[in-house]
Undergrad: 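Structure incoming, see below.
Residue numbers start from 1 in every chain, and the chains themselves are labelled A, B, ... in the order their sequence lines are given, proteins ahead of strands.
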Number of protein chains: 2
Amino acid sequence: MAIKRFSKQRELILSAVMNTTEHPTAEMVYTRLKPENPALSLGTVYRNLNQLVAEGSLIRLPFTVERFDATTAPHAHFLCRECGKVYDIMDICYDPALDDKAQLSSGHVVKQHELFFDGTCVNCTEKM
Amino acid sequence: MAIKRFSKQRELILSAVMNTTEHPTAEMVYTRLKPENPALSLGTVYRNLNQLVAEGSLIRLPFTVERFDATTAPHAHFLCRECGKVYDIMDICYDPALDDKAQLSSGHVVKQHELFFDGTCVNCTEKM
DNA sequence: TCAGTAACAGTAATTATTACTGATTATAAT
DNA sequence: ATTATAATCAGTAATAATTACTGTTACTGA
Ligand SMILES: [Mn+2]
Ligand SMILES: [Mn+2]
Ligand SMILES: [Zn+2]
Ligand SMILES: [Zn+2]
């Protein structure tokens, strides 16, 4: 529904997610943008992140606190249990055969999958 | 730390998760048990679910609302975007080679991974 | 130029989860 | 058995994440 108008804030929010690799939360986006955009509201960040996901410009990563990603092509992720950082795993390419296999064996209509690794990241490993 | 004592409530909560396939949230466990255990408190459910995860009797699935699973061996899951139900995908077996590959290419210490499918479940498909 | 409405900032409300508090109760040593 | 200790409880308050509401601002198209 609802025709979408241009919005300075939405542009800001989208580019903030596009210009980082940290898979930010709504709060992180807000904190990043607030100093240079003092009028920006946290509600606006949430609202626009949801719109950007709805239109396909971002994806939503279902960690227990939601994170957002401007790399909309399917790819794997790694969560460091020590520091909480989220990294892309680029060298494991998306395998559509898994979706077919899951669909065949379960009977559900499988649209896609996400692959989440976890452990301890390089940074945290060095600090030990 | 703290020595663990027997607790009727913890037994209840563990068996509730063990006797269902629905990967319940804390709230679902509470709602299920409350009628026959009117004195049960929601805080008790949260506290014991966390303990049971800590001791390895349950696993925690990091959806945006946390879910719990008594099948602690690694296995894949399917989320229906229509009805929100979570199903096990049993016929895609856990592939430890993926962890090795991710670790080699990223440099992170990879402990494990989770594979989340999503789409529309059989039940919801039939209703269309 | 102005009526209609998308989007905004600010704030209230809702949900999910954890922390606190004083009362119970499992356990183990008397 | 009695009692001492502290784990656990129920109930509730607090915190954190997210969404909804409200009055105002600012595009847009007739
Ligand atoms: Mn990513
Ligand atoms: Mn499962
Ligand atoms: Zn780390
Ligand atoms: Zn369904």
Side-chain angles (χ1 to χ4, degrees), chain A residues 1-17 22-55 57-69 79 81 83-86, chain B residues 1-17 22-55 57-69 79 81 83-86:
Chain A
M1 336 295 171
I3 293 152
K4 186 125 36 77
R5 285 204 304 224
F6 172 86
S7 130
K8 169 93 175 303
Q9 285 89 345
R10 184 157 49 247
E11 292 301 304
L12 259 175
I13 290 164
L14 175 56
S15 69
V17 181
E22 68 180 349
H23 303 80
T25 63
E27 186 65 39
M28 288 159 81
V29 172
Y30 176 71
T31 304
R32 170 88 36 102
L33 296 177
K34 185 68 173 175
E36 314 220 327
N37 305 269
L40 182 69
S41 159
L42 180 56
T44 298
V45 173
Y46 274 104
R47 185 166 7 91
N48 283 290
L49 285 173
N50 285 337
Q51 275 188 227
L52 290 162
V53 169
E55 80 186 30
S57 301
L58 298 178
I59 59 172
R60 183 194 309 272
L61 298 178
F63 291 85
T64 50
V65 176
E66 291 185 346
R67 288 170 170 271
F68 297 87
D69 191 346
L79 166 67
R81 296 281 179 197
C83 66
K85 285 212 186 81
V86 174
Chain B
M1 319 301 157
I3 294 154
K4 184 126 38 77
R5 283 202 310 216
F6 171 87
S7 129
K8 168 93 174 304
Q9 287 87 343
R10 184 157 50 248
E11 292 301 305
L12 258 176
I13 290 163
L14 174 57
S15 69
V17 181
E22 68 179 349
H23 303 80
T25 64
E27 185 67 39
M28 287 159 81
V29 171
Y30 176 70
T31 304
R32 171 85 37 102
L33 295 177
K34 185 67 173 175
E36 313 222 326
N37 306 270
L40 183 69
S41 159
L42 180 57
T44 298
V45 173
Y46 274 104
R47 185 168 4 91
N48 282 290
L49 285 173
N50 285 338
Q51 275 188 229
L52 290 163
V53 168
E55 80 183 31
S57 301
L58 296 179
I59 58 172
R60 185 193 309 272
L61 299 178
F63 291 85
T64 51
V65 175
E66 292 186 344
R67 289 172 170 267
F68 297 87
D69 191 347
L79 166 67
R81 295 282 180 199
C83 66
K85 285 211 185 84
V86 174

Undergrad: What is the distance, rounded to the nearest whole Å, between atom CG of B:L49 and atom P of C:dA16?
TA: 14 Å
Undergrad: Quick check on DNA chain C: between A:S7 and A:T64, whose nearest nucleotide comes earlier from the 5' end?
TA: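 Taking each residue's closest nucleotide, the earlier one in sequence belongs to A:S7.
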Undergrad: If I take atom CZ in residue B:R60 and atom C1' in nucleotide C:dT17, what distance separates them, rounded to the nearest angstrom?
TA: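 Answer to the nearest Å: 10 Å.
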Undergrad: Between atom OH in B:Y30 and atom C1' in C:dA16, what is the gap in whole Å?
TA: 14 Å
Undergrad: Watson-Crick or G-U wobble partner for D:dA16, using a 3.5 Å limit on both distances?
TA: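 WC or wobble partner is C:dT15.
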Undergrad: Check whether any side-chain N or O of A:N48 sits under 4.0 Å from OP1 or OP2 of C:dA7, and answer yes or no.
TA: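 Result: no.
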Undergrad: Measure the distance from NZ on A:K8 to P on D:dA26 and round it to the nearest whole Å.
TA: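 My rounded result for the distance is 12 Å.
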Undergrad: Nearest of D:dG11, C:dA7, C:dT17 to any side-chain atom of B:S41?
TA: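 The listed nucleotide nearest to B:S41's side chain is D:dG11.
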Undergrad: The side chain of B:Y46 is closest to which nucleotide in this list: D:dT28, C:dT18, D:dA6?
TA: C:dT18
Undergrad: Report yes if a side-chain nitrogen or oxygen of A:T44 is closer than 4.0 Å to either non-bridging phosphate oxygen (OP1 or OP2) of C:dA9; otherwise report no.
TA: yes
Undergrad: Please report the distance, rounded to the nearest Å, between CG in A:L42 and P in C:dA13.
TA: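 Checked: the CG to P distance equals 17 Å.
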Undergrad: Applying the side-chain contact (heavy atoms from CB on, under 4.5 Å) criterion to B:H23, which one of B:I59, B:L61, B:L79 satisfies it?
TA: B:L61
Undergrad: Are any of B:R47's side-chain N or O atoms less than 4.0 Å away from OP1 or OP2 of D:dT8?
TA: no
Undergrad: If every non-hydrogen atom of B:K34 is compared with every non-hydrogen atom of B:L40, which pair is closest and at what distance?
TA: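 Heavy atoms only, the tightest pair is NZ-O, 2.8 Å.
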Undergrad: Answer yes or no: is there an ion pair linking A:R67 with A:E22, defined by an N-O contact shorter than 4.0 Å?
TA: no
Undergrad: Without swapping roles, check the side chain of A:R10 against the backbone of A:R5 for a donor-acceptor pair under 3.5 Å.
TA: yes
Undergrad: Do any side-chain nitrogens or oxygens of A:Q51 fall under 4.0 Å of OP1 or OP2 in C:dA6?
TA: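 Result: no.
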Undergrad: Can you figure out which of D:dT18, C:dT17, D:dA10 approaches the side chain of B:V65 most closely?
TA: C:dT17
Undergrad: Using only heavy-atom distances, determine whether the side chains of A:E27 and A:T25 contain a donor-acceptor pair under 3.5 Å.
TA: no
Undergrad: In whole angstrom, give the distance that lies between atom CD of A:E55 and atom P of C:dA6.
TA: 16 Å
Undergrad: Whole angstroms only, please: what is the CD-C1' distance between A:Q9 and D:dT25?
TA: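 To the nearest whole Å, that distance equals 11 Å.
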Undergrad: Report the residue (B:R5 or B:A26) whose heavy-atom-nearest nucleotide on DNA chain C is the more 5′ of the two.
TA: B:A26
Undergrad: Rounded to the nearest angstrom, tell me the gap between atom CD1 in B:I3 and atom P in D:dA6.
TA: 9 Å
Undergrad: From the set D:dA10, C:dA9, C:dG10, return the single nucleotide nearest to any side-chain atom of A:L40.
TA: C:dA9
